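Hydrogens, waters and symmetry mates are skipped; everything else that's a heavy atom, side chains included, is used. The sequence lines fix the lettering, A, B, ..., with proteins before strands; numbering per chain opens at 1. Since we're looking at a predicted model, the values are computed, not measured.
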Amino acid sequence: MLLLTCPCCGVTAEETEFANGGEAHLKRFGPGSTDAEYEAYMFARKNPRGVHFERWRHAFGCGKWFLMARDTMTLEVYGAYPAQTIEPPAEIQARIKSRRPEWEGYK
Amino acid sequence: MKRCASIQAGSAFLGLAPTKPHYDVIIVGAGGHGLATAYYWAKNFGITNVAIIEKGWLGGGNTGRNTTIIRSNYLQDRRPRSMKGALALRETLSRTLNYNVMFSPRGVMMLAQTEHEVRGYKRTAYANALQGVETRWIGPAEVKRLVPIMNIEGPRYPVLGALWQARGGTARHDAVVRGYARACSQMGMHVIQNCEVTAGVESVGGVVSAVNTTKGTIGCGKLGIVVAGHSGHLANMAGFRLPVRSVALQAMVSEPIKPAIDCVVMANTVHGYLSQSDKGEMVIGGGADHFNNYTQRGSWMHIEETVRALVETFPMLSRLKMLRQWGGIVDMTGDRSPIISKTPLGNTFINCGWGTGGFKSIPGSGWAMAELVAKGEPGSLARDFSMFRFREGRFIDESVAAGVAH
Ligand SMILES: Cc1cc2nc3c(=O)[nH]c(=O)nc-3n(C[C@H](O)[C@H](O)[C@H](O)COP(=O)(O)OP(=O)(O)OC[C@H]3O[C@@H](n4cnc5c(N)ncnc54)[C@H](O)[C@@H]3O)c2cc1C
Ligand SMILES: [Zn+2]
């Protein structure tokens, strides 16, 4: 059972209160894009073993979306941050790097 | 005695094979699908200079962790084509491999507990009839007659009927893996355990040349990636991405009791699957996690959810102690149908995306993958399952069709 803290309302709750929304920081490609770009946006996933940036929604709480860095090998949460963030905050990247020196960065 | 001796000799082969510096074909992953692929190379194409490399032990992945339900009552045309073949192959597998895979066609019952399911399963029964797959819609009275321990009254989800496939059933997962592995060994292939692809896939001019493993670099002419939940990881090493997410799926078994249920029951609305093993344990499977996960554990909420649902439908389960619980990492595609495909890297092929329901398809999938790798182009079985179907919008939407992918 994951215990997550919502950065929007500050509540800490079990995972049943939250809904996972898949990989974060995907660049949207819409009409006018190439098939390959659209496929990369819509379907192709990193699905990494290790550090994963993902979207969550506090579905049965404040209802807001947020982003989170979590480890898919250990289930450790490195931090949560607002949904309106283009790339993971430096502070969270530094925390990940200190916990996992071999981590190659979020790209 | 002779049989025992040959099984012994067969197992002695496993894991002891010295690695050669180069093989015509390397398969990563000695689960059911990888081993079956290798088996049909030898049988159908005479290719035996093959290594099947496995990071752990034989069948230590999902094949050795699944609840072994075998059925072929899918809605979409393209799936039954491979599934039905699988069922037929399954029925003769013990004889082919000279290894008892304990196939038990005890019948699979998929419960309808909502009006939507009733409509859906009636439609599936018609679709199956057109495909030549024998299934039947049965009413609540017949459900109760077949499974007397079931409470069909509800109250929350009364049993409104079921889709019944008498030829479906279960098989012994370890036996399927060992049977194929022994056959592969006996045909001269190397099944190498404790050998993990770690430091990547090497290529020359866009064509695979070698894999780097914990037992050193091994050269190959062709590469088959058949690693289920770890497909994304291997694809990253080979330089491409897949339309796949890896999540944990759990199962558990109870203490053994006297025979109480002689078919498989799947309750898809409430997420619970039940059958009784030959040892008497109740084998129970539940829902998959909703977040990416490689821990082979799975969330507690799914155990709660599954047990809650099953206790309502099978009140006698409430007295049972659970003995073991485990998880496997399943590879979920966007349309819940598998991938048997060429990849962006030359001479590299992938078979994955079987998700929560690929045990049943091991023979058919191996057959199709063997043909794809041997010829370099998909045959009639694999053609629809390309990883590029997503780009082209040709989904095989079994998640909508079946409501569940097991
Ligand atoms: C709990 C559970 C219940 C299930 N119930 C059913 C069911 O009732 N009916 C059904 O039909 N299906 C079921 N399934 C699904 C089924 O188990 C799988 O679809 C099927 O076994 C997949 O087989 P595979 O050979 O592709 O993968 P696996 O058996 O997982 O084999 C892949 C192998 O690759 C190895 N590997 C991974 N990475 C590397 C690496 N880097 N180097 C070397 N080796 C590597 C792994 O160790 C593993 O042994 C269930 C699955 C689970 C987890
Ligand atoms: Zn909140």
Enquirer: Considering only heavy atoms, which portion of B/His302 lies under 4.5 Å from any heavy atom of chain A: side chain, backbone, both, or neither?
Expert: neither
Enquirer: Between A/Lys46, A/Glu54, A/His52, which residue shows the highest count of heavy-atom pairs closer than 4.5 Å to chain B?
Expert: A/Lys46
Enquirer: Within the structure provided, determine whether B/Arg245 and A/Asn20 are in side-chain contact (heavy-atom separation under 4.5 Å).
Expert: yes
Enquirer: Could you walk me through whether B/His230 and A/Arg49 satisfy the side chain to side chain contact (heavy atoms under 4.5 Å, CB included) test, starting with their C-alpha distance in whole Å, then the side-chain angles of each, then the deciding distance to 0.1 Å, before giving a yes or no?
Expert: CA-CA 8 Å; B/His230 299 274; A/Arg49 252 184 359 177; 3.1 Å; yes
Enquirer: Within a reach of under 6.0 Å around CD of B/Glu392, are more than 12 heavy atoms found that belong to other residues, nucleotides or ligands?
Expert: yes
Enquirer: Taking the six-membered ring for Trp, are B/Phe390 and A/Tyr38 closer than 6.0 Å centroid to centroid?
Expert: no
Enquirer: Compute whether any side-chain donor of one residue and acceptor of the other, for A/Arg70 and B/Asn293, lie under 3.5 angstrom apart.
Expert: no
Enquirer: Could you go step by step and tell me if A/Phe43 and B/Phe388 meet the ring-ring contact (aromatic ring centres under 6.0 Å, His included) rule?
Expert: CA-CA 10 Å; A/Phe43 300 107; B/Phe388 305 106; over 10 Å; no
Enquirer: Select one option (side chain, backbone, both, neither) describing which atoms of A/Glu15 are under 4.5 Å from chain B's heavy atoms.
Expert: side chain
Enquirer: Side chain of A/Asn47, backbone of B/Ser246: donor and acceptor closer than 3.5 Å?
Expert: yes
Enquirer: Mind listing the closest non-hydrogen atom pair of A/Ala44 and B/Arg241 along with its distance?
Expert: CB-CB, 3.8 Å
Enquirer: Counting C-beta onward and ignoring hydrogens, is there a side-chain heavy-atom pair between B/Phe291 and A/Phe18 closer than 4.5 Å?
Expert: no
Enquirer: Sort out for me which of B/Tyr294, B/Trp300, B/Phe240 touches chain A most, counting heavy-atom pairs under 4.5 Å.
Expert: B/Tyr294
Enquirer: Are the side chains of B/Arg297 and A/Leu75 in touch, meaning some heavy atoms are under 4.5 Å apart?
Expert: yes
Enquirer: Looking only at heavy atoms, which two atoms of A/Thr16 and B/Met301 are closest? And how far apart?
Expert: CG2-SD, 3.4 Å
